[in-house]
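Some notes on the structure that comes next.
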Amino acid sequence: MSAYKSDFLNILAERGFIHQVSEPDVLDASAKAGPITAYIGFDCTAASLHVGSLLPIMMLYWLQQTGHKPIALMGGGTTRVGDPSGKDESRRILTDEAIEQNLVGIRAIFGKFLKFEGAGGNAIMANNADWLNKLNYIDFLRDVGKHFSVNRMLSFDSVKMRLDRQQELSFLEFNYMVLQAYDFVELHKRNGCVLQMGGSDQWGNIVNGIDLGRRMLNAQLFALTSPLITTSSGAKMGKTASGAIWLDANLLSPYDYWQYWRNTEDGDVARFLKLFTILPLDEIARLTALQGEALNEAKKVLATEATALVHGRTAADQAQETARKTFEEGSFASDLYTVKIARELLQGNSALPFYAANAFVTAGLISTTSEARRRIKLGGLRVNDQTISDERLILTTEHLTPEGVIKLSLGKKKHALLKPS
């Protein structure tokens with residue numbers, strides 16, 4: 001059991017969110033005594049957030065659920081610089097227009113997890129461009145820069161890693177930690193914010209902000225970091241061979257999002273249920289006590305609950321039903337990935353045959369026809385749920401189902417529909 005007395009730190013500890021806390025006893029007492037305000041920063045480098053951002057979003061969710069005030073800080077200003085933490089290269093510099101466009105997509109994600117001011121809640125969406133873009137450089141150097149030791153800044157992991165690898169660190173990026181520290185001070189002045197949260201790689205940056213708050217405002221500020229999440233096999237959370245797992249339905253369908261969680265490794269199910277769903281811990285304990293094939297039921301619950309948080313309960317249930325029909329009934333549902341093809345391809349033209357091997361490449365399930373033919377020899381490809389053995393099988397209109405499509409399957413988990421038009 002957790003030793004914390006406040007609901008906020010207690011829940012975070014029990015569910016596995018905490019890596020480090022500064023002055024935990026003082027922060028715990030403060031959180032128990034009354035509402036505190038905390039923030040996490042998010043840069044606006046893409047049009048959406050991906051699964052890698054879910055952990056900090058969930059921390060803000062539990063902060064609000066336990067009676068406190070969350071601030072989601074959009075890095076409209078710091079995105080113009082780029083955070084060097086964990087990076088070997090400088091980030092691409094975005095235009096102000098691109099940053100603002102990205103902000104619109106990112107704001108929509110947060111509305112699913114937090115209740116904002118004006119919508120029945122107390123959460124704030126702040127943008128550090130509001131203060132950073134207006135800074136006078138000379139004044140900033142005099143008032144803020146004087147509190148930073150270059151010797152100390154060079155000792156931080158985010159800087160040391162780049163220098164040790166003899167990778168260039170621009171002066172622009174070197175300033176990032178100063179700007180992030182200043183964000184903490186500014187949010188304390190504007191909103192009474194006392195806690196900054198983030199991934200464990202942000203510890204040095206957050207401690208800088210604590211130190212700056214003490215020096216400039218004589219304020220007592222706190223840091224809380226979460227562990228960096230990797231899968232049991234060591235893969236980075238949110239990245240797959242096919243690309244990032246976006247939280248925006250326009251970039252990744254709810255069905256594909258559901259499938260991402262359904263494919264969780266056995267060793268990660270318990271941890272991910274605690275971090276990425278809001279199921280009670282006793283229910284999670286019951287699910288993860290399942291063994292062998294039965295553990296697949298826990299994975300389905302994880303997939304449905306995680307999808308419901310991002311895309312809504314209806315979309316999550318639809319995704320689960322699509323998967324059930326596809327995998328358990330051997331049928332298909334209309335929201336499977338669909339590729340349109342010219343109807344002429346299916347005319348059985350002997351001069352221009354549409355081989356099944358080509359169809360799998362067209363659908364994006366396999367990268368080359370030679371690989372498709374090899375899989376056919378191994379019995380790994382199916383057309384309309386029938387295993388194909390002839391690598392020279394030609395698809396025609398006769399292969400169309402009553403629904404007017406051809407279903408292609410690679411193994412048990414990858415499917416696509418060909419729809420002639």
Worksheet item: Do you know the tightest heavy-atom contact between M59 and L224?
Response: CE-CD2, 3.4 Å

Worksheet item: Counting distance only, does the side-chain N/O of S53 pair as donor-acceptor with the main-chain N or O of L49 below 3.5 Å?
Response: no

Worksheet entry | side chain to side chain donor-acceptor pair (under 3.5 Å) partners of N102, counting only residues at least two apart | none

Item to complete: Could you pull out all residues at least two apart from Y61 that satisfy ring pair (Phe, Tyr, Trp, His ring centres under 6.0 Å)?
Response: none

Fill in: CG on L63 to CZ on F8, rounded to 0.5 Å
4.5 Å

Worksheet entry | Minimum side-chain heavy-atom gap L410-R382 below 4.5 Å | no

Worksheet item: salt bridge (charged side-chain N to carboxylate O under 4.0 Å, His left out): which pairs involve residues 108-122, sequence neighbours left out?
Response: K69-E117

Practice prompt. Would you mind listing every ring-ring contact (aromatic ring centres under 6.0 Å, His included) that reaches into residues 275-305, with sequence neighbours excluded?
Written response: W261-F276, F272-F276

Fill in: Electrostatic pair K32-D7, nearest N-O below 4.0 angstrom
no

Practice prompt. Verify, without hydrogens or angle tests, whether N263 (side chain) and Q259 (backbone) share a donor-acceptor contact under 3.5 angstrom.
Written response: yes

Practice prompt. Please list all pairs passing the side-chain hydrogen bond (donor to acceptor under 3.5 Å, both in side chains) test where one or both residues lie in residues 269-280, with sequence neighbours left out.
Written response: D268-R271

Discussion item. Can you confirm whether or not the ring centre of Y39 sits under 6.0 Å from the ring centre of F184?
Written reply: yes

Worksheet item: Does N127 use its side chain to pair, donor to acceptor, with the backbone of G76 at less than 3.5 Å?
Response: yes

Practice prompt. May I ask you to check whether D183 and Q180 show a side-chain donor-acceptor distance below 3.5 Å?
Written response: no

Discussion item. In the structure I gave you, are the side-chain heavy atoms of E297 and L287 within less than 4.5 Å of one another anywhere?
Written reply: no

Response to the item:
Smallest heavy-atom separation, L381 atom then A372 atom, equals CD1-O, 3.5 Å

Worksheet item: Is R373 close to T369 at the side-chain level, that is, under 4.5 Å between some pair of heavy atoms?
Response: yes

Discussion item. Taking side-chain hydrogen bond (donor to acceptor under 3.5 Å, both in side chains) as the cut-off, I'd like each qualifying pair that reaches into residues 16-25, sequence neighbours left out, listed once.
Written reply: E23-Q220

Worksheet item: With a 4.5 Å heavy-atom cut-off, do F113 and I278 have their side chains touching?
Response: no

Worksheet entry | Distance (rounded to the nearest 0.5 Å) between N384 CG and L417 CG | 9.5 Å

Response to the item:
Applied to residues 188-229, the ring-ring contact (aromatic ring centres under 6.0 Å, His included) test, sequence neighbours excluded, yields none

Item to complete: Output the distance between atom OG (S6) and atom CG (D28), rounded to the nearest 0.5 Å.
Response: 4.0 Å

Item to complete: Give the intermediate values and the outcome of side chain to side chain contact (heavy atoms under 4.5 Å, CB included) for residues L275 and L54.
Response: CA-CA 9 Å; L275 294 172; L54 260 188; over 6 Å; no

Worksheet item: Side chains of N175 and Y182: do they bring a donor and an acceptor to under 3.5 Å?
Response: no

Worksheet item: With sequence neighbours left out, what residues match H399 under ring pair (Phe, Tyr, Trp, His ring centres under 6.0 Å)?
Response: none

Worksheet item: What pair of heavy atoms forms the shortest contact from P254 to T307, and how long is it?
Response: O-CG2, 4.0 Å

Practice prompt. May I ask you to test the D317-R313 pair for a side-chain heavy-atom distance under 4.5 Å?
Written response: yes

Fill in: Check: N191/T37 side-chain N/O donor and acceptor closer than 3.5 Å
no

Worksheet item: Are the side chains of L12 and Y4 in touch, meaning some heavy atoms are under 4.5 Å apart?
Response: no

Fill in: Separation between CG of L55 and CD1 of I229, rounded to the nearest 0.5 Å
5.0 Å

Response to the item:
Rounding to 0.5 Å, atoms CD1 (I284) and CG (L279) come to a distance of 5.5 Å

Discussion item. Set out, in order, the CA-CA distance, both residues' side-chain angles and the distance that settles side chain to side chain contact (heavy atoms under 4.5 Å, CB included) for V178 and F140, then state yes or no.
Written reply: CA-CA 10 Å; V178 180; F140 184 72; 3.8 Å; yes

Discussion item. Quick test of your reading: applying salt bridge (charged side-chain N to carboxylate O under 4.0 Å, His left out), list the pairs with at least one residue in residues 225-235, sequence neighbours left out, ordered by first then second residue.
Written reply: none

Discussion item. Using side-chain heavy atoms (C-beta onward) and a distance below 4.5 Å, is V361 in contact with S367?
Written reply: no

Fill in: Where at least one partner belongs to residues 244-253, residue pairs that pass salt bridge (charged side-chain N to carboxylate O under 4.0 Å, His left out), sequence neighbours excluded
none

Discussion item. For M197, run the side-chain contact (heavy atoms from CB on, under 4.5 Å) check against I206, I18, L60 and tell me which one passes.
Written reply: L60

Worksheet item: Taking side chain as C-beta onward, heavy atoms only, is P70 less than 4.5 Å from N122?
Response: yes

Fill in: salt bridge (charged side-chain N to carboxylate O under 4.0 Å, His left out) contacts in which one or both residues fall within residues 277-293, not counting sequence neighbours
E283-R286

Response to the item:
Scanning both residues in full, the closest heavy-atom pair of H68 with P35 reads ND1-CA, 3.4 Å

Worksheet item: For the atom pair CD (E371) and CD1 (I376), what is the distance rounded to the nearest 0.5 Å?
Response: 10.5 Å

Fill in: side chain to side chain donor-acceptor pair (under 3.5 Å) evaluation trace for Q202 with N205
CA-CA 5 Å; Q202 293 295 320; N205 288 340; 3.1 Å; yes

Item to complete: Take H311 and W258, measure what side chain to side chain contact (heavy atoms under 4.5 Å, CB included) needs, and give me the verdict at the end.
Response: CA-CA 10 Å; H311 297 296; W258 189 94; over 6 Å; no

Worksheet item: Has E265 got more than 12 heavy atoms of other residues, nucleotides or ligands less than 6.0 Å from its CD?
Response: yes

Discussion item. Run the side-chain contact (heavy atoms from CB on, under 4.5 Å) test against A289 and tell me which residues pass, sequence neighbours left out.
Written reply: none

Worksheet entry | Taking every non-hydrogen atom, the tightest pair across T288 and L273 | CG2-CD1, 3.8 Å

Discussion item. Looking at every non-hydrogen atom in both residues, tell me the closest pair between N128 and L73 and how far apart they are.
Written reply: N-CD1, 3.6 Å

